[in-house]
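Just below is one structure, and these are the notes that go with it.
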Amino acid sequence: MAPIPIVFDTDPGVDDALALMLALASPELDVMGVCTVNGNVSLDICTRNALGLLQLLERNDVPVYRGADQPLVREPVYATEVHGKEGMGAAVLPVSHVAAKENAAAFLVEQLTQRPEEVTVIAVGPLTNLALAEKIMPGVLAKAKRVVAMGGAVVAPGNASATAEFNFYADPHAAQDVIRSGAKLTLVPLDATQQVGLAEAVIREKIVPLDTPMAKFVVDAVANVLAYGEQLGRDTVVYLHDPLAVGVAIAPSMFDCLQFSLDVETVGDLTMGQLVSDRRQAPVGGRLGHTVNCVMGVQADRFLNLFLERTLNLQAE
Ligand code: RIB
Ligand code: CA
């Protein structure tokens, strides 16, 4: 079967880097380009990280397009406490010999209009670039074969606030625009992504002993995430939020989906960025929101083994 052409939209970020590693190591996908967006860290740092990771992976054939340097409306928020000041934990990426291109939104429009119903967009950061593409050409997101977006929390608590997941919290207006766009959207919310994690013991016992450049990068990159979790007294695990979105595209049989009527709250001190699902039984006047396919279940061990095998050539026992 011919590989699926994808555009990878990202705010690298540690789990973004793991997701890009998985995408580039998967023969099911053909990465046409990487679009960077302001999110975990600033656009400049996200773009430098995307270029540096492609340099490390010897994949400078994949173009990087700089995207939005701020959310559509709200003030920017970052996640440096999780990903580190430079967005890659304790990992140091090589300096790329390649310059990024400009205008990620225009690249998205170009890819989706030149190859209607063929290109899958995998979005693992705030959805600003996708929303801007839709503003440039209303209806363009619906030309994608599908949009797979990591974001939101259907019934799970938020992680950026009590009610909101980070990607939706960082740009709630963009998330709302994408959900309302009519795109063939599969959402990968925290309800699913928090079922799959790299445990500290697996990192220590399986990844560290590999002693390869990529294993060292992963160990160094996740160090900050683990330290932050430990500092808060949480489980010492690195949730594979963004890699799961790639997994949906390469191994759909590992995932279970449900449809919900969804919209996104864009105001409110307590609720900005909240994904609202109307789960009422036959409400008068119909349910609010738009019907969206949500990944709610994952075969966690199968996916983790696939991830480790593809990114680090680590065979499951
Ligand atoms: O909530 C998890 C998401 O926010 C992931 O995409 C992570 O990289 C951060 O951007
Ligand atoms: Ca991300």
Side-chain angles (χ1 to χ4, degrees), residues 7-23 34-43 45-47 49-50 53 64 67-68 70-71 74 76-89 91 104 121-130 147-172 174-175 178 186-198 218 221-222 224-226 228-229 232 234-235 237-249 264 272-275 294-295 298 307:
V7 174
F8 187 75
D9 192 86
T10 179
D11 61 333
V14 173
D15 59 323
D16 301 70
L18 303 180
L20 184 53
M21 288 168 62
L22 178 60
V34 172
C35 297
T36 55
V37 64
N38 181 83
N40 287 314
V41 288
S42 71
L43 176 67
I45 299 176
C46 284
T47 305
N49 288 339
L53 185 61
V64 173
Q70 60 184 357
R74 68 158 297 162
V77 287
Y78 298 99
T80 49
E81 71 283 358
V82 177
H83 298 268
K85 211 160 52 66
E86 301 306 321
M88 281 293 136
V121 178
I122 298 180
V124 293
L127 295 173
T128 319
N129 291 338
L130 277 70
V147 174
V148 182
M150 190 279 136
V154 178
V155 292
N159 60 358
S161 74
T163 56
E165 175 278 328
F166 177 80
N167 289 336
F168 281 27
Y169 183 68
D171 196 339
V178 171
T186 298
L187 205 55
V188 187
L190 292 179
D191 309 78
T193 65
Q194 287 177 337
Q195 296 179 38
V196 192
L198 265 182
V218 170
V222 303
N224 206 79
V225 181
L226 287 173
Y228 183 63
L232 294 179
R234 294 178 181 167
D235 301 340
V237 62
V238 180
Y239 290 121
L240 298 181
H241 302 294
D242 295 346
L244 225 65
V246 174
V248 169
V264 179
M272 179 181 278
Q274 180 176 4
L275 177 66
C294 296
V295 175
V298 51
F307 170 77

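Ligands are counted one by one from 1 in listed order, and the atoms in each one are counted from 1 as well.
- For the Ca ion (ligand 2), the N/O/S atoms of Val124 include one lying under 3.0 Å.
- For the Ca ion (ligand 2), the nearest N, O or S atom contributed by Asp242 is named OD2.
- Rounding to the nearest 0.5 Å gives a distance of 6.5 Å between CG of Asp242 and CG of Asn167.
- Across Asp191 and Val155, no two heavy atoms sit closer than the pair OD2-N, 2.9 Å.
- Atom CZ of residue Arg234 and atom CG of residue Leu226 lie 12.5 Å apart, to the nearest 0.5 angstrom.
- Between Lys85 and Val41, the closest heavy-atom pair is O-CG1, 3.8 Å.
- With ligand atoms numbered from 1 in the order given, ligand 1 contributes 3 (C), 4 (O), 5 (C), 6 (O), 9 (C), 10 (O) to contacts under 4.0 Å with heavy atoms of Asn167.
- The ligand atoms of ligand 1 that sit less than 4.0 angstrom from a heavy atom of Asn159 are 1 (O), 2 (C).
- Ligand-side atoms of ligand 1 in range of Phe166: 1 (O), 4 (O), 9 (C), 10 (O), range being under 4.0 angstrom from any heavy atom.
- The shortest N or O to N or O distance between His241 and ligand 1 is not under 3.5 Å.
- Using a 4.0 Å cut-off between heavy atoms, Asp16 contacts ligand 1 through its side chain alone, with no backbone atom that close.
- Proximity of Asp11 to ligand 1, defined as any heavy-atom pair under 4.0 Å, is confined to the side chain (atoms from C-beta onward).
- The single protein non-hydrogen atom nearest to atom 2 (C) of ligand 1 is Glu165 OE2, 3.4 Å, given as residue, atom name and distance.
- The heavy-atom pair separating Tyr78 from Asn38 by the smallest distance is OH-OD1, 3.0 Å.
- The single protein non-hydrogen atom nearest to atom 8 (O) of ligand 1 is Asp15 OD1, 2.6 Å, given as residue, atom name and distance.
- Considering backbone and side-chain N/O atoms, Val124 comes within less than 3.5 Å of an N/O atom of ligand 1.
- Of the protein's non-hydrogen atoms, the one nearest atom 9 (C) of ligand 1 is Asn40 OD1, 3.2 Å.
- Contact annotation: for Thr193 versus ligand 1, there are no heavy atoms closer than 4.0 Å.
- The nearest heavy-atom contact from the protein to atom 6 (O) of ligand 1 is Asp242 OD1, 2.6 Å.
- Among the heteroatoms counted here (N, O or S) of Asp11, OD1 is the one nearest to the Ca ion (ligand 2).
- The two residues Gly67 and Asn129 come nearest to each other via the heavy atoms CA-OD1, 3.4 Å.
- Residue Ala149 comes nearest to Leu127 through the heavy atom pair CB-CD2, 4.2 Å, listed as atom of the first residue, atom of the second, then distance.
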